[in-house]
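For clarity, every value in this text was computed on a predicted model and none was experimentally measured. One-based numbering along the sequence shown.
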Amino acid sequence: MLRHTRTHAQGAPPALLDHPPASSPPGFLKRLAIAGVNLLAPLHAGLIITYFALRWLGGGDLWFVDALGYVLPWLFVPLVVLLPAVLLRRSRLLLVLVAVPTALFLFTYGHLYLPRWPVRAAGPTFTVMTHNVLYLNSDADGVAAAIEAHAPDFFGLRELEPPMAEALASQFADRYPYYKLEPGCGFFSRYPILQYEAFRLSRGEGSWVQHCVVDIDGYQVNVLSVHPRSPPLLGFHPFGLPLGIPTGFANQGRDADVRDLLSRLEQVDRPLVVIGDFNLTDQQSLYAPLTRHLRDAHRESGWGTGFTFTRFPRFGIPTWRIDYVFHSADLVALSTAVGDCGGSDHRPVIARLAFRGPGE
């Protein structure tokens with residue numbers, strides 16, 4: 001009797017020890033979140049892996065792969081939610097499915113968030129700017145303010161209409177006495193322009209290219225301001241709906257312009273700077289041949305995505321990077337930044353360049 005009383009005093013009844021209380025089932029919202037993660041993780045990983053596999057297997061010129069190159073950074077955005085959600089789920093399979101896109105993001109863009117090593121420069125430094133000012137833009141003061149904010153030594157403007165060209169030429173007559181204007185573009189410099197040539201790409205079908213030889217404190221630098229044609233996305237609009245179904249990507253004009261430019265660059269003396277709106281991201285197939293000849297100032301000295309174009313001007317949110325300052329290997333980019341739109345749908349790119357020092 002004493003032993004039986006002591007057993008019940010020291011612990012819970014045997015029935016409670018043999019049958020612990022069951023945990024309550026997860027609520028509807030939690031079950032919905034778990035189902036969403038279980039579905040979204042493999043779909044997202046499949047999309048990213050398929051895209052990169054097609055590129056690496058030679059399918060970079062397929063129209064839908066080329067088109068996805070514009071929005072690739074945005075395809076990684078779901079990782080912001082998926083990665084912590086999968087860590088909370090503690091599922092090895094889901095963790096692998098999220099780890100692969102994460103690794104591909106770091107491989108593709110990770111170096112843009114790392115600190116830059118100092119470089120050795122020689123000779124004078126100079127600042128160059130490129131800006132697509134938008135042909136519909138009438139805000140000459142806004143464009144002028146964007147230029148004055150960075151005070152470049154020379155700059156190229158694209159989609160420049162005559163009224164704005166005349167206003168800027170008058171306003172900057174003292175600071176940029178050397179300038180050249182062509183249909184849809186203009187080049188302004190505080191350094192003397194020793195030689196000048198203007199021509200159209202793709203046997204006259206493309207836009208104008210301005211080629212200047214600029215004297216920078218005794219150093220002659222070739223500068224080309226370019227603007228390959230924009231490739232429209234083709235689509236089918238059922239029932240007249242504004243949101244269509246993509247059916248193609250008319251990139252033939254842009255690609256012809258870039259290939260023509262590449263063939264011409266082989267004949268241009270170095271040092272060389274090429275600036276402009278290329279209508280091309282760094283994830284599309286023609287970017288690689290460009291960077292075999294030239295270096296991308298943003299990838300060399302910029303930080304982050306460096307988006308320059310906004311698909312939604314009303315909101316002012318930049319969506320991808322298609323404007324560049326490229327330079328030859330005998331120059332080095334010390335810093336690269338993007339400026340304010342100034343009434344345009346593009347942000348200007350500003351790069352401070354110098355001549356590469358010995359041993360660099």
Side-chain angles (χ1 to χ4, degrees), residues 69-70 72-73 76 104-132 149-156 158 191 214 216-217 219-228 258 261-262 265-266 268-309 318 320-339 346-360:
Y70 283 99
L72 180 62
F76 289 107
L104 289 171
F105 172 80
L106 295 175
F107 174 78
T108 307
Y109 298 110
H111 73 282
L112 294 173
Y113 297 90
L114 297 176
R116 308 295 180 170
W117 293 102
V119 295
R120 184 182 303 172
T125 64
F126 56 95
T127 302
V128 56
M129 174 175 170
T130 180
H131 191 191
N132 182 328
H150 301 279
D153 294 304
F154 54 84
F155 57 92
R158 308 302 308 197
Y191 294 117
V214 180
I216 301 177
D217 298 339
Y219 293 82
Q220 294 186 13
V221 178
N222 282 274
V223 183
L224 277 74
S225 174
V226 306
H227 187 195
V258 174
L261 175 66
L262 286 168
L265 291 179
E266 295 178 357
V268 179
D269 294 333
R270 272 57 176 169
L272 171 63
V273 177
V274 184
I275 61 176
D277 169 10
F278 281 73
N279 283 306
L280 184 80
T281 73
D282 58 3
Q283 299 304 310
Q284 291 166 307
S285 59
L286 282 175
Y287 178 84
L290 275 168
T291 49
R292 280 197 292 267
H293 292 266
L294 303 166
R295 300 189 177 187
D296 182 347
H298 175 76
R299 282 192 167 264
E300 188 176 8
S301 63
W303 190 89
T305 56
F307 289 160
T308 62
F309 174 76
W320 48 74
R321 183 170 76 100
I322 57 177
D323 302 86
Y324 297 91
V325 173
F326 290 114
H327 62 85
S328 55
D330 40 13
L331 299 172
V332 61
L334 303 178
S335 63
T336 307
V338 293
H346 288 252
R347 302 167 74 188
V349 181
I350 308 96
R352 188 164 64 94
L353 307 179
F355 294 86
R356 189 172 295 275
E360 284 291 326

J.: Would you please name every residue forming a salt bridge (charged side-chain N to carboxylate O under 4.0 Å, His left out) with Arg352, sequence neighbours left out?
T.: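 If we apply the salt bridge (charged side-chain N to carboxylate O under 4.0 Å, His left out) test to Arg352, skipping adjacent residues, there are no hits.
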J.: Is the shortest side-chain heavy-atom distance between Leu331 and Val273 below 4.5 Å?
T.: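 Heavy-atom side-chain distance check passes, below 4.5 Å.
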J.: Between Leu280 and Tyr324, what is the shortest heavy-atom contact and its length?
T.: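 Residues Leu280 and Tyr324, closest heavy atoms: O-OH, 2.7 Å.
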J.: Which word best sums up how the rings of Tyr113 and Trp303 line up, parallel for under 30°, tilted for 30 to 60°, or perpendicular for over 60°?
T.: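 Plane angle over 60°, so perpendicular.
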J.: Specify the closest pair of heavy atoms between His131 and Arg347, including all atoms of both residues, with the distance to one decimal.
T.: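 Smallest interatomic distance, heavy atoms only, reads CD2-C, 4.1 Å.
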J.: Counting C-beta onward and ignoring hydrogens, is there a side-chain heavy-atom pair between Thr336 and Val349 closer than 4.5 Å?
T.: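 They are in side-chain contact.
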J.: For Phe105, which residues count as a ring-ring contact (aromatic ring centres under 6.0 Å, His included) partner, sequence neighbours excluded?
T.: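 Per chain and number, Phe105 pairs via ring-ring contact (aromatic ring centres under 6.0 Å, His included) with Phe76, Tyr109.
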J.: When you look at Val128 and Ile350, which way does the side-chain contact (heavy atoms from CB on, under 4.5 Å) test go after all the steps?
T.: CA-CA 6 Å; Val128 56; Ile350 308 96; over 6 Å; no
J.: For a quick test of reading the model, state the closest non-hydrogen atom pair linking Gly304 to His298 and the distance between them.
T.: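 Minimum heavy-atom contact is O-NE2, 2.9 Å.
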J.: Would Tyr191 and Phe126 satisfy ring-ring contact (aromatic ring centres under 6.0 Å, His included), going step by step from the backbone distance to the final call?
T.: CA-CA 10 Å; Tyr191 294 117; Phe126 56 95; 7.3 Å; no
J.: Looking only at non-hydrogen atoms, find the nearest pair between Phe307 and Pro73 and report the distance.
T.: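 In this case the closest contact between Phe307 and Pro73 is CZ-CB, 3.7 Å.
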J.: Minimum heavy-atom separation for Arg116 to Arg299, with atom names?
T.: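 Closest approach of Arg116 to Arg299, heavy atoms only: NH1-O, 3.0 Å.
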J.: Is a side-chain donor or acceptor of Tyr70 paired with a backbone partner of Gln283 at a separation under 3.5 angstrom?
T.: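 Absent.
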J.: If you look at every heavy atom in Val258 and Pro228, which pair is closest and at what distance?
T.: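 Between these two residues, the closest heavy atoms are CG2-CG, 3.9 Å.
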J.: So, using side chain to side chain contact (heavy atoms under 4.5 Å, CB included) as the criterion, who are the partners of Ala337 when residues are at least two apart?
T.: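 If we apply the side chain to side chain contact (heavy atoms under 4.5 Å, CB included) test to Ala337, skipping adjacent residues, there are no hits.
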J.: According to salt bridge (charged side-chain N to carboxylate O under 4.0 Å, His left out), who are the partners of Arg321, at least two apart in sequence or on a separate chain?
T.: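 So Arg321 forms a salt bridge (charged side-chain N to carboxylate O under 4.0 Å, His left out) with Asp282, Asp296.
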J.: In chain order, what residues pass the salt bridge (charged side-chain N to carboxylate O under 4.0 Å, His left out) check against Asp153, with sequence neighbours excluded?
T.: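 For Asp153 the salt bridge (charged side-chain N to carboxylate O under 4.0 Å, His left out) partners, ignoring immediate neighbours, are Arg190.
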J.: Could you give the distance from OH (Tyr287) to CG (Leu294), rounded to the nearest 0.5 Å?
T.: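 One finds 10.0 Å between OH of Tyr287 and CG of Leu294.
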J.: So if I apply the side chain to side chain contact (heavy atoms under 4.5 Å, CB included) rule between Leu265 and each of Leu272, Val226, Asn222, which one comes out positive?
T.: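 Exactly one pass, corresponding to Leu272.
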J.: Determine which pairs satisfy salt bridge (Lys or Arg N to Asp or Glu O under 4.0 Å) with at least one residue from residues 322-338, sequence neighbours left out, and list them in order.
T.: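 Salt bridge (Lys or Arg N to Asp or Glu O under 4.0 Å) check on residues 322-338 returns no pairs.
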J.: Is a donor on one side and an acceptor on the other found under 3.5 Å between the side chain of Arg356 and the backbone of Ala329?
T.: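 Yes, because the side chain of Arg356 sits within donor-acceptor range (under 3.5 Å) of the backbone of Ala329.
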J.: Between the side chain of Thr308 and the main-chain N/O of His346, is any donor-acceptor distance below 3.5 Å?
T.: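 Not at all, since once roles are kept as given, no pair shorter than 3.5 Å links the two residues.
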